[in-house]
A.B. asks: 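What follows is a structure written as structure tokens; I'll ask about it next.
As the structure is a computational prediction, the values presented were derived from the model and not from experiment. FYI, side chains are in, hydrogens and waters are out, and symmetry mates aren't considered; it's all heavy atoms of this structure.
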Amino acid sequence: MKSKYLIKIKDIFNFYLFLIRKKRKKRVKIISVFSSPRGGSTWLTDILNKENKAIIVWEPLFKYKQRDFSFINPFAYPELENVGFDWNQYIPENAKWKDAQLFFNKLFSQKIINIKLFRFNNFKAIKNYDLYIYKFCFGNLMLPWLVNNFEINSILLVRHPCAVVASQLKRGFSFKKEFIPRLFEGKHKEIYIKYREQFEKITTKEEYLSAIWAITNLYPIKHKYNNKKWLTISYESLLLYPQKELTRLSEWIGTDIIKNYSYIFKPSFTTDEKSNFSKEKQISKWKDYLSQEQVYLILRTIENFNVDFYTEDTEPNYNILYNK
């Protein structure tokens, strides 16, 4: 009997051959999901993929680290090394950045391949794909620039900062004081420099994580393109009012996304707690995990960044969030 691992390796190898040999379609529909890390992007990607034949590209902006076998690098595209992106890289909407333009041209036209970034696909069933789904957790600050330059059907998913930070803390997200000065070094750091005073007052992990959440969500939400050149969706609203939000999604993308709403209430494979899943518990469980002091630090930090669309309430101010 063949080992299941050997069968899996064979599937992966055949999928890799398919990717490098396939005749690329000239007009492949692209959906791009943007969110904060631990903000629900895996869950939304799962929903979008349930009844569509999609190829998923997983976190193409992970920073590149050199490995002996670069074509199967588990972290990122080798092509990123020459671009010079930082984590949560900012690109002004009208910027001229040749290397960035070339990288995304290749990315969205499927001319660069890293098998590890395709690892969450169904290797056997993918050959009849009709769309690509790109999932980004570090692209919020380049979203206006991207939609100005590429046809990528972008969706911005926004989740309560306390929920995001609580999940990041569970996953061991770190903070060191030397992280702060690094934010102001490199190309196009003007958006960070604008908030230098707020960043330099940070002393705790909760403050740092919520400050990054604030700056990476405040910029697209307050942008004139918000909910016009991309679709903005509240994580909380998608759980509580799925029919309304899936209708918005279908209208935005131009296809009936999903007919079985039960998929909404199925936690993604990256969710920490899968038992006793309920929509009400899911949007409020941060209140059980975080202490009062942690909640205070998070909410005070986002207030210092002038975030006014999330408070201690579990749901956001939808009028502000959706640019109404």
A.B. asks: For residues W145 and F104, determine if any side-chain heavy atom of one lies less than 4.5 Å from a side-chain heavy atom of the other.
C.D. replies: yes
A.B. asks: Is there side-chain contact between L107 and E79, with at least one heavy-atom pair below 4.5 Å?
C.D. replies: no
A.B. asks: When the ring planes of Y134 and F108 are compared, do they come out parallel, tilted or perpendicular, using 30° and 60° as the limits?
C.D. replies: perpendicular
A.B. asks: Decide if atom NZ of K201 counts as having more than 12 heavy atoms of other residues, nucleotides or ligands within a radius under 6.0 Å.
C.D. replies: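 Incorrect, the count does not exceed 12.
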A.B. asks: Output yes when E251 and R248 qualify as a salt bridge under the 4.0 Å nitrogen-oxygen rule, no when they do not.
C.D. replies: no
A.B. asks: Test side chain to side chain contact (heavy atoms under 4.5 Å, CB included) on K229 and E93 and set out the steps.
C.D. replies: CA-CA 12 Å; K229 288 196 174 185; E93 64 183 272; over 6 Å; no
A.B. asks: With heavy-atom distances below 4.5 Å as the criterion, would you say the side chains of S36 and C137 are in contact?
C.D. replies: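 They are not in side-chain contact.
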A.B. asks: Quick one, F309 and L218 - any side-chain contact, counting heavy atoms below 4.5 Å?
C.D. replies: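 Side-chain contact under 4.5 Å: yes.
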A.B. asks: Is a donor on one side and an acceptor on the other found under 3.5 Å between the side chain of Y195 and the backbone of A211?
C.D. replies: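 No: the side chain of Y195 does not pair with the backbone of A211.
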A.B. asks: If you take all heavy atoms of H188 and A95, which pair is closest and at what distance?
C.D. replies: NE2-CB, 4.0 Å
A.B. asks: With no hydrogens and no angle check, is any side-chain donor or acceptor of N323 less than 3.5 Å from a backbone partner on I221?
C.D. replies: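 Answer holds: no.
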A.B. asks: Would Y318 end up clustered with L249 when hydrophobic side chains under 4.5 Å apart are linked, directly or stepwise?
C.D. replies: yes
A.B. asks: Has the side chain of N105 got a donor or acceptor atom that lies under 3.5 Å from a matching backbone atom of Q101?
C.D. replies: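 Judged by distance alone, yes, a pair lies under 3.5 Å.
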A.B. asks: Taking 4.0 angstrom as the limit, do E190 and K194 come out as a salt bridge?
C.D. replies: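 Salt bridge: no.
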A.B. asks: Report the C-alpha separation of I212 and W87 in whole Å, then their side-chain angles, then the decisive distance to 0.1 Å, and conclude whether the side chain to side chain contact (heavy atoms under 4.5 Å, CB included) test is met.
C.D. replies: CA-CA 10 Å; I212 295 298; W87 294 110; over 6 Å; no
A.B. asks: Side chains of W286 and R159: closer than 4.5 Å at any heavy-atom pair?
C.D. replies: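 Not touching, per the 4.5 Å side-chain cut-off.
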A.B. asks: Would you check if the side chain of Q89 reaches a backbone N or O of M142 as a donor-acceptor pair within less than 3.5 Å?
C.D. replies: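 Not at all, since once roles are kept as given, no pair shorter than 3.5 Å links the two residues.
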A.B. asks: Of T45, I47, N153, which meets side-chain contact (heavy atoms from CB on, under 4.5 Å) against V33?
C.D. replies: T45
A.B. asks: Under 3.5 Å, is there a donor-acceptor pair between the S291 and E293 side chains?
C.D. replies: no
A.B. asks: Do Q294 and Y289 pair up side chain to side chain, a donor and an acceptor below 3.5 Å, judged on atom types alone?
C.D. replies: no
A.B. asks: One pair to check against side chain to side chain contact (heavy atoms under 4.5 Å, CB included): I215 and N88. What are the steps and the verdict?
C.D. replies: CA-CA 10 Å; I215 199 170; N88 294 301; over 6 Å; no
A.B. asks: Output yes when R196 and E200 qualify as a salt bridge under the 4.0 Å nitrogen-oxygen rule, no when they do not.
C.D. replies: yes
A.B. asks: Decide yes or no on ring pair (Phe, Tyr, Trp, His ring centres under 6.0 Å) for F305 and F199, but give the supporting numbers first.
C.D. replies: CA-CA 10 Å; F305 279 81; F199 275 111; 5.3 Å; yes
A.B. asks: Hey, is the main chain of Y241 close enough, under 3.5 Å, to the side chain of E245 for a donor-acceptor pair?
C.D. replies: no
A.B. asks: Should V164 and L297 be regarded as members of a common hydrophobic cluster, given that ILVMFWY residues are connected when their side-chain heavy atoms come within less than 4.5 Å of each other, either directly or indirectly?
C.D. replies: no
A.B. asks: Under 3.5 Å, is there a donor-acceptor pair linking the side chains of K324 and N227?
C.D. replies: no
A.B. asks: Less than 6.0 angstrom separating the ring centers of Y208 and F173, yes or no?
C.D. replies: no
A.B. asks: Would you say the side-chain atoms of S210 and E206 include a donor-acceptor pair closer than 3.5 Å?
C.D. replies: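 Note: S210 and E206 side chains miss the donor-acceptor criterion.
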A.B. asks: Hydrophobic clustering (ILVMFWY, side-chain heavy atoms < 4.5 Å, transitive) - are F179 and L209 grouped together?
C.D. replies: yes
A.B. asks: Within the side chain of D313, is there an N or O that forms a donor-acceptor pair under 3.5 Å with the backbone of E315?
C.D. replies: no
A.B. asks: For the pair I30 and E151, evaluate side chain to side chain contact (heavy atoms under 4.5 Å, CB included) and give the outcome as yes or no after the intermediate values.
C.D. replies: CA-CA 7 Å; I30 292 174; E151 296 181 10; over 6 Å; no
A.B. asks: State whether the number of non-hydrogen atoms from other residues, nucleotides or ligands found under 6.0 Å of Y296 atom OH is greater than 12.
C.D. replies: no
A.B. asks: Under 3.5 Å, side chain of E185 to main-chain N/O of R182, donor-acceptor pair present?
C.D. replies: no
A.B. asks: Yes or no on ring pair (Phe, Tyr, Trp, His ring centres under 6.0 Å) for F85 and F138, after CA distance, side-chain angles and deciding distance?
C.D. replies: CA-CA 10 Å; F85 286 162; F138 302 97; over 10 Å; no
A.B. asks: What is the minimum heavy-atom distance between P220 and N226, and which atoms define it?
C.D. replies: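 Smallest heavy-atom distance, with atoms named: O-CB, 3.3 Å.
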A.B. asks: Would you say the side chain of L80 lies within less than 4.5 Å of the side chain of F103, judging by non-hydrogen atoms?
C.D. replies: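 Yes, side chains in contact.
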A.B. asks: With a 4.5 Å heavy-atom cut-off, do S41 and F136 have their side chains touching?
C.D. replies: no
A.B. asks: For a quick test of reading the model, state the closest non-hydrogen atom pair linking C162 to V295 and the distance between them.
C.D. replies: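 Closest pair (atom of C162, atom of V295, distance): SG-CG1, 4.3 Å.
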A.B. asks: Looking at the rings of Y192 and F184, which for Trp means the six-membered one, are their centres under 6.0 Å apart?
C.D. replies: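 When the ring centroids of Y192 and F184 are compared, they turn out to be at least 6.0 Å apart.
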A.B. asks: Without swapping roles, check the side chain of K177 against the backbone of I202 for a donor-acceptor pair under 3.5 Å.
C.D. replies: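 Yes, the answer is positive, given that a donor and an acceptor are paired below the 3.5 Å cut-off.
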A.B. asks: Between the main-chain N or O of S234 and the side-chain N or O of Y322, is there a donor-acceptor pair closer than 3.5 Å?
C.D. replies: yes
A.B. asks: Locate the shortest heavy-atom distance separating Y310 from I302; write the atom from each residue and the value.
C.D. replies: O-CD1, 3.7 Å
A.B. asks: A side-chain contact here means heavy atoms from C-beta on lying under 4.5 Å apart; do L143 and S154 qualify?
C.D. replies: yes
A.B. asks: Is a donor on one side and an acceptor on the other found under 3.5 Å between the side chain of H160 and the backbone of Y235?
C.D. replies: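 The answer is no, because no donor-acceptor pair under 3.5 Å joins these two groups.
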